[in-house]
Amino acid sequence: MTFDLRSALPFLLPKAISWAQEREKEILNTGIPLTEYEISLAKRVGVSEPEKVRISIVHGQLPLPSDLALRQAGLATGLFGPHMAGITLGHSICICRPHESIRLLSHELRHVHQYEQMGSIAAFLPVYLQQIVDYEYANAPYEVDARSHEIPA
Ligand SMILES: [Zn+2]
């Protein structure tokens, strides 16, 4: 099944941004701050405000958007697929148990750096999602960059 994210993106983008902002707020309020070691990892991958980062560990699957169109788009593009072990929204990181690892955390922390560079979720997501449209998930420049900054355990 193919999903035409390119044509759906203008319609989905505002929904994706609000969903991401709401999830970030929730995780910033309830998540766990980084440990001293994790702060050092964050600094190594370029995070400028590691003390703002919060992590939420979930069991089984990442939280899916309740909006059906958004959920379908996320699943079709692989963003919320069963193999997805983590997602980063601004300074909030959601990680699926049992996939937590130094490698995964450093990857997600590099996404935090990318959000910091862009300044906000509303600025980052349009660029990131356009990359997914143009290059597909695996080859999106932000993903390639995050993979190249992974720190092996
Ligand atoms: Zn990634």
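Ligands are counted one by one from 1 in listed order, and the atoms in each one are counted from 1 as well. All values below come from the heavy atoms of this structure, side chains included, with hydrogens, waters and symmetry mates left out. This chain uses plain numbering: 1 for the first residue, then up along the sequence.
- A donor-acceptor distance shorter than 3.5 angstrom exists from the side chain of Q131 to the backbone of Y142, with no hydrogens or angles considered.
- Remark: L109 CG to H111 NE2 distance equals 10.5 Å, nearest 0.5 Å.
- The line from NE2 of H107 to CG of D145 is 9.5 Å long, rounded to the nearest 0.5 Å.
- Atom-to-atom distance recorded for I93:CD1 and T88:OG1 is 4.5 Å, nearest 0.5 angstrom.
- By the 4.0 Å N-to-carboxylate-O rule, R23 lies close enough to E26 to be salt-bridged with it.
- Residues that satisfy the side chain to side chain contact (heavy atoms under 4.5 Å, CB included) test with L64, not counting sequence neighbours, are Q61, R71, L75, F80.
- Around the Zn ion (ligand 1), the protein contributes the following N, O or S atoms at distances under 2.8 Å: H107 NE2, H111 NE2, E143 OE1, E143 OE2.
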